[in-house]
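Here's the structure, in structure tokens; my notes come after.
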Amino acid sequence: MLREVLEPWCAAGVSGVLRVPFPPGGAVYVHDGKLEYAECPLAGGVKRLLTRPGRLKLGTWRQAVAAGRETSQVGQQLVDTGHLTRFELEATVLTAVFDAAFFLFDLTETRGFEPGTRSYLGHSHALDVAVVGHEVDRRKRLLADAWPDPAVDTMAVRPCKRLNGHSVALTALQWEILSHSDSQRTAVDLARVLGRDTYSVLLEVRRMIRAGLVEPGAPGTSSANRAFAVWRRREPVSSPRQERGTPAAKPVSQEPALSGVRIPLPRREPSRNGVAAQGPVTPPVSEEVLTRLLAGLGAW
């Protein structure tokens, strides 16, 4: 895997780039043994994150690239000209790095390491490769917890015609997703339209499907979604790597695959004779746990 290929180069404290030549493509830049930047066509790069929401004009971005690309100072150009603060630059770069790493870190096809090659953005914030790897694993677990069937990621989403309750509270991102869901755009397409990082939209769409706010339709037909489908087939099917010394996580129960129809979530049994059916009984707390709790309360 790419993360394992990077480890010896980072341990040696070198600088350079490791490229992924096959779909989806991309590159991971390291500087003095730390991960400096990562890019992938499926992810929300710095350009998309800054220009699509209207934070920067496209012309401003192009001027910074023209002035600082050869010297790897594009980010510094934006800060020096007052278009971004140092904090805004670092936050945007971190978002782009984690988004790209989500798609790249577990791929097996890589090209040789190119020593000395720098990212055009320049140095803004360096991360340990292990830290990025842990974050990638955490994101994969969050996706599985939100909705375990990855088939929904490549399906166009549309608003549900009926809500489960009388009212609903939406986050800003959920509102953006809901207002741009048109039965044609997948999560990947929505991320591009909204100028968001791809992972955040993938996760929120899965959560909204579970909540009954949107539902999957037909498979997406955009070029971005086709590239995402290719990546999904190449992604290892094994679960995220667990940290050493920690117990193995329980396998996630798989729900039936979706084929254009939303699968309803489990509901409580209807009441009988005016008495609501009881849900699963919570197992009793062991005597050992109670003893520890009482001892802790006494000490407190």
Side-chain angles (χ1 to χ4, degrees), residues 2 19-27 38-53 95-109 136 139-140 142-161 173-237 240 254-263:
L2 183 143
R19 301 189 186 277
V20 178
F22 301 104
E39 56 189 6
C40 173
L42 292 177
V46 171
K47 176 184 177 181
R48 182 210 294 183
L49 296 176
L50 288 177
T51 59
R52 283 299 179 94
T95 301
V97 166
F98 285 130
D99 204 27
F102 175 80
F103 294 102
L104 297 177
F105 255 44
D106 290 330
L107 295 180
T108 56
E109 298 88 352
V136 169
R139 292 186 173 207
K140 290 178 183 292
L142 286 176
L143 275 182
D145 290 342
W147 187 272
D149 186 0
V152 298
D153 295 338
T154 56
M155 294 180 179
V157 293
R158 60 195 176 205
C160 291
K161 296 182 179 180
L173 178 54
Q174 288 174 338
W175 172 253
E176 291 179 22
I177 292 173
L178 196 61
S179 61
H180 287 80
S181 300
D182 58 356
S183 302
Q184 301 294 324
R185 298 185 178 113
T186 65
V188 177
D189 300 326
L190 287 168
R192 291 174 176 271
V193 170
L194 301 176
R196 297 276 192 166
D197 61 292
T198 305
Y199 172 80
S200 293
V201 178
L202 284 171
L203 178 61
E204 211 58 53
V205 166
R206 289 201 192 190
R207 287 173 172 170
M208 293 173 72
I209 289 175
R210 180 171 292 280
L213 298 174
V214 298
E215 59 186 5
T221 58
S222 68
S223 57
N225 193 66
R226 289 195 297 270
F228 179 83
V230 171
W231 169 81
R232 180 66 76 191
R233 290 194 295 268
R234 302 171 73 91
E235 185 192 21
V237 296
Q254 295 293 326
E255 301 184 20
L258 300 175
S259 58
V261 179
R262 183 170 66 89
I263 300 173

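Sequential numbering from 1 along the given sequence is applied to the chain's residues. The analysis underlying the following values was restricted to heavy atoms, covering all of them including side chains, and did not include hydrogens, waters or symmetry mates. Source: prediction; values computed, not measured.
Between Val152 and Pro216, the shortest heavy-atom distance links the atoms CG1-CG, 4.3 Å. Across all their heavy atoms, Val201 and Ala187 have their closest contact at CG1-O, 3.3 Å. What you find for Arg206 and Pro150 is that their closest heavy atoms are NH2-CA, 3.5 Å. Residues Cys40 and Ala100 come closest through the heavy atom pair N-CB, 4.0 Å.
By the 4.5 Å heavy-atom criterion applied to side chains, Leu107 and Pro24 are counted as neighbours. Between Asp153 and Trp147, the closest side-chain pair of non-hydrogen atoms is not below 4.5 Å.
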* To do: Report the C-alpha separation of Phe98 and Val136 in whole Å, then their side-chain angles, then the decisive distance to 0.1 Å, and conclude whether the side chain to side chain contact (heavy atoms under 4.5 Å, CB included) test is met.
  => CA-CA 7 Å; Phe98 285 130; Val136 169; 5.9 Å; no
* **Chi angles and distances behind the side chain to side chain contact (heavy atoms under 4.5 Å, CB included) call for Leu194, Arg52** => CA-CA 7 Å; Leu194 301 176; Arg52 283 299 179 94; over 6 Å; no
* Under the side chain to side chain contact (heavy atoms under 4.5 Å, CB included) criterion, do Val97 and Glu39 qualify, and how do the steps go? -> CA-CA 7 Å; Val97 166; Glu39 56 189 6; over 6 Å; no
* Can you list the steps and then say if Ser181 with Leu190 is a side chain to side chain contact (heavy atoms under 4.5 Å, CB included)? -> CA-CA 8 Å; Ser181 300; Leu190 287 168; 4.1 Å; yes
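Judged by distance alone, the side chain of Asp182 and the main-chain N or O of Arg185 form a donor-acceptor pair under 3.5 Å. In this structure, Arg196 contributes its side chain and Ala191 its backbone to no donor-acceptor pair below 3.5 Å. With hydrogens and angles disregarded, no donor-acceptor distance shorter than 3.5 Å links the side chain of Asp99 to the backbone of Asp197. In terms of modelled atom types and a separation under 3.5 Å, the side chain of Arg226 and the main chain of Thr221 share a donor-acceptor contact. Listed for the Arg48 side chain is no donor-acceptor partner under 3.5 Å among the backbone atoms of Gly195. Panel note: side chain Asn225, backbone Thr154; a donor-acceptor pair is recorded below 3.5 Å.
The line from CH2 of Trp175 to NE2 of His180 is 10.5 Å long, rounded to the nearest 0.5 Å. Here CZ of Arg158 is found 4.5 Å from CD of Glu215. Values are rounded to the nearest 0.5 Å. With rounding to the nearest 0.5 Å, the separation of CG in Leu202 from CG in Leu142 is 12.5 Å.
Not counting sequence neighbours, the partners of Arg207 by the side-chain contact (heavy atoms from CB on, under 4.5 Å) test are Ala146, Leu203, Glu204. Under the side-chain hydrogen bond (donor to acceptor under 3.5 Å, both in side chains) criterion, Asp189 pairs with Thr186, Ser222, sequence neighbours left out.
Ring geometry, Phe228 versus Phe103: the interplanar angle exceeds 60°, so the pair is classed perpendicular (tilted spans 30 to 60°).
A cation-pi geometry, defined here as NZ or CZ lying under 6.0 Å from the six-membered ring centre and within 45° of its normal, holds between Arg139 and Tyr199.
Each of Leu178, Leu213, Ile177 was scored for a side chain to side chain contact (heavy atoms under 4.5 Å, CB included) with Pro159, with one residue passing: Leu178.
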